Amino acid sequence: MNRKTNTYKIILSGGGTGGHIYPAIAIANELKFRYPEAQFLFVGAKDRMEMEKVPNAGYAIKGLWITGIERKVSLKNMMFPFKLINSLYNARKIVNQFKPDIAIGTGGFASGPLLQVAASKGIPSIIQEQNSYPGITNKLLAKKVQKICVAYDGLERFFPKDKIIKTGNPVRQDLLNIGTKKEEAMRYFDLVGDKKTLLVLGGSLGAKAINELLKKELDFLQTQNLQIIWQCGKLYYESYKINGHTKNVQVHAYINRMDYAYAAADFIISRSGAGSVSELCIVGKPVVFVPSPYVAEDHQTKNAMAIVKENAALLIAQEDLEVDFKNKFSQLIASPERQQQLSDNIKKLALVNATKEIVDEVEKLLEQKKK
């Protein structure tokens, strides 16, 4: 793709979690590569992680006073109508001042007001839905935007069929060649070659249930001749770092070189957020998904099931870990044939050009606007 000289103004919104933020940043980076003179502005929710992550990626961001609706009766829910009105008012101010040529939403609280305002003003708008079961924000926006980029089949149940383009989810580009990084990765984590490596991921903040499982089953796992890279998360590091003093067990609050972690791994235990699932399809290693049961619409279970039904991963419900984990994991380790089958099948589901294909759709909308 050749670089272009158009000085477009591009507004993006996505946040609340890394699963919404990182796709938005990846899309912005690809657009910046194609249009070096373009101007970018992000809109996020005040006090959420995007207010730190987006500036760290080199982009300006403005915050809206908006949160989601909790599933229980709470003061926060009573405040929601006021926050929504305030956010719509401020989103309109931001749009009027910035005058974007296009609006891009990747989900999260702030993308609702921002894209609602942009669409109502006739600004071409596009949303990117990461999950197999859409969140309420994108479902509400679907009728107002021109295009909807998705990562899974079957989204016609929720979105107008003629707007859907299956692109996949943006992923880290350094994952595309992890097959060449095995030796570097083994040195980076100081691993030994005569043991298989288990990588355990619970997200950047960590997953309590997975951490408790690992602590309880460390002796069992080491009888399987495994070495373990365990990302316990920032919230749990002080509680679990002592387990890293055990031979063949490394405990990390956060892993900076995820490409090396994936390259070193022979098996992976992971939550099933949309971004993680997309990455793991590209990585192509045998995976045991343990979905979080606490997310909206139980979408992590639905994400994982979309892979499991293709015979491409295993799934253990969080509530079944104590009963099922040893049995299912032992069977996986004992069967090289099953490992190869899962690896081959999950690779078939990888969509490696997602970011470029999403930006291709953005370009089409920009070209239509010029006509």
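Bear in mind the structure is a predicted one, so any value in this text is a computation, not a measurement.
Judged by distance alone, the side chain of Ser278 and the main-chain N or O of Ala274 form a donor-acceptor pair under 3.5 Å. Here the side chain of Gln318 pairs no donor or acceptor atom with the backbone of Ser292 at under 3.5 angstrom. Of the possible polar contacts, one joining the Lys181 side chain to the Asp174 backbone as a donor-acceptor pair under 3.5 Å is found. Remark: side-chain polar atoms of Gln227 are paired, donor with acceptor, to backbone N or O of Val192 under 3.5 angstrom. Between the side chain of Ser132 and the main chain of Asn303, a donor-acceptor pair closer than 3.5 Å is present. For Gln339 (side chain) and Ile333 (main-chain N/O), a donor-acceptor pair under 3.5 Å exists by modelled atom type. Remark: side-chain polar atoms of Lys195 are not paired, donor with acceptor, to backbone N or O of Leu226 under 3.5 angstrom. Counting only distance, with no hydrogens or angles, the side chain of Lys309 and the backbone of Ala306 share no donor-acceptor pair below 3.5 Å. Side-chain atoms of Ser13 come within 3.5 Å of backbone atoms of Ser111 as a donor-acceptor pair (strictly under, hydrogens ignored).
Remark: Gln231 CD to Asn211 CG distance equals 9.5 Å, nearest 0.5 Å. Distance CG/Leu141 to CG/Leu115: 5.5 Å, rounded to 0.5 Å. Atom CG of Leu191 sits about 13.0 Å away from atom CD of Glu183, to the nearest 0.5 Å. We find the CD-CD1 distance between Gln39 and Ile11 to be 11.5 Å, quoted to the nearest 0.5 Å. A distance of 12.0 Å separates CD1 in Ile282 from NZ in Lys347, rounded to the nearest 0.5 Å. With rounding to the nearest 0.5 angstrom, the SG atom of Cys232 is 11.5 Å from the NZ atom of Lys215.
Applying the ring-ring contact (aromatic ring centres under 6.0 Å, His included) definition to pairs two or more places apart or across chains, those involving residues 148-176 are Tyr133-Phe158. Applying the salt bridge (Lys or Arg N to Asp or Glu O under 4.0 Å) test to every pair with at least one member in residues 132-146, sequence neighbours left out, gives no pairs at all. For the salt bridge (Lys or Arg N to Asp or Glu O under 4.0 Å) condition, the pairs that include at least one residue of residues 100-126, sequence neighbours left out, are Asp101-Lys369. Residue pairs that meet the salt bridge (Lys or Arg N to Asp or Glu O under 4.0 Å) test with at least one member in residues 270-286, sequence neighbours left out, are Arg172-Glu279.
More than 12 heavy atoms of other residues, nucleotides or ligands shown are found within 6.0 angstrom of NZ on Lys302.
The other residues sharing a hydrophobic cluster with Leu315 are Met305, Val308, where clustering joins ILVMFWY side chains under 4.5 Å apart. The hydrophobic cluster around Leu351 extends to none of the other residues, as no ILVMFWY side-chain heavy atom falls under 4.5 Å of it.
Side-chain contact between Leu221 and Leu214 is present, with heavy atoms from C-beta onward closer than 4.5 Å. Residues Leu280 and Ser272 fail the side-chain proximity criterion, which asks for heavy atoms closer than 4.5 Å. Contact annotation: the side chain of Arg338 approaches that of Asn311 to within less than 4.5 Å [non-hydrogen atoms, C-beta and beyond]. At least one side-chain heavy atom of Leu31 sits less than 4.5 Å from a side-chain heavy atom of Ile104.
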- [ ] Using the salt bridge (Lys or Arg N to Asp or Glu O under 4.0 Å) rule, take Asp360 and Arg34 through it: C-alpha gap first, then chi angles, then the decisive distance, then the call.
- [x] CA-CA 10 Å; Asp360 287 347; Arg34 298 190 192 189; 2.8 Å; yes
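For Tyr22, there are no ring pair (Phe, Tyr, Trp, His ring centres under 6.0 Å) partners at least two apart in sequence or on another chain. Legend: residues meeting ring pair (Phe, Tyr, Trp, His ring centres under 6.0 Å) with Tyr89, ordered by chain and number and at least two apart, are absent. In this structure, the ring pair (Phe, Tyr, Trp, His ring centres under 6.0 Å) partners of Tyr8, at least two apart in sequence or on a different chain, are Tyr35. Not counting sequence neighbours, the partners of His252 by the ring pair (Phe, Tyr, Trp, His ring centres under 6.0 Å) test are Phe189. Residues that satisfy the side chain to side chain contact (heavy atoms under 4.5 Å, CB included) test with Lys216, not counting sequence neighbours, are Glu322.
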Only pairs under 3.5 Å count here: list side-chain donor-acceptor contacts from residues 40-50, not counting sequence neighbours, and write none if there are none.
unit_1: Arg48; atom_1: NH2; unit_2: Gly16; atom_2: O; d: 3.0
unit_1: Glu50; atom_1: OE1; unit_2: Gly16; atom_2: N; d: 2.8
unit_1: Glu50; atom_1: OE2; unit_2: Ala45; atom_2: N; d: 2.8

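Geometrically, Lys234 engages Tyr254 in a cation-pi contact, judged by NZ or CZ lying under 6.0 Å from the ring centre and within 45° of the ring axis.
Donor-acceptor pairing under 3.5 Å is lacking for the side chains of Asn345 and Gln341.
The two residues Glu361 and Lys147 make their nearest non-hydrogen contact at OE1-NZ, 2.7 Å.
By the criterion of side-chain heavy atoms lying less than 4.5 angstrom apart, applied directly or through intervening Ile, Leu, Val, Met, Phe, Trp or Tyr residues, Phe220 is not grouped with Val323; the two fall into different hydrophobic clusters. If you chain together hydrophobic residues whose side chains sit under 4.5 Å apart, Val150 and Ile165 never meet in one group.
Considering Gln331, Gln224, Glu217 as possible partners of Lys326, the one that fulfils the side chain to side chain contact (heavy atoms under 4.5 Å, CB included) test is Glu217.
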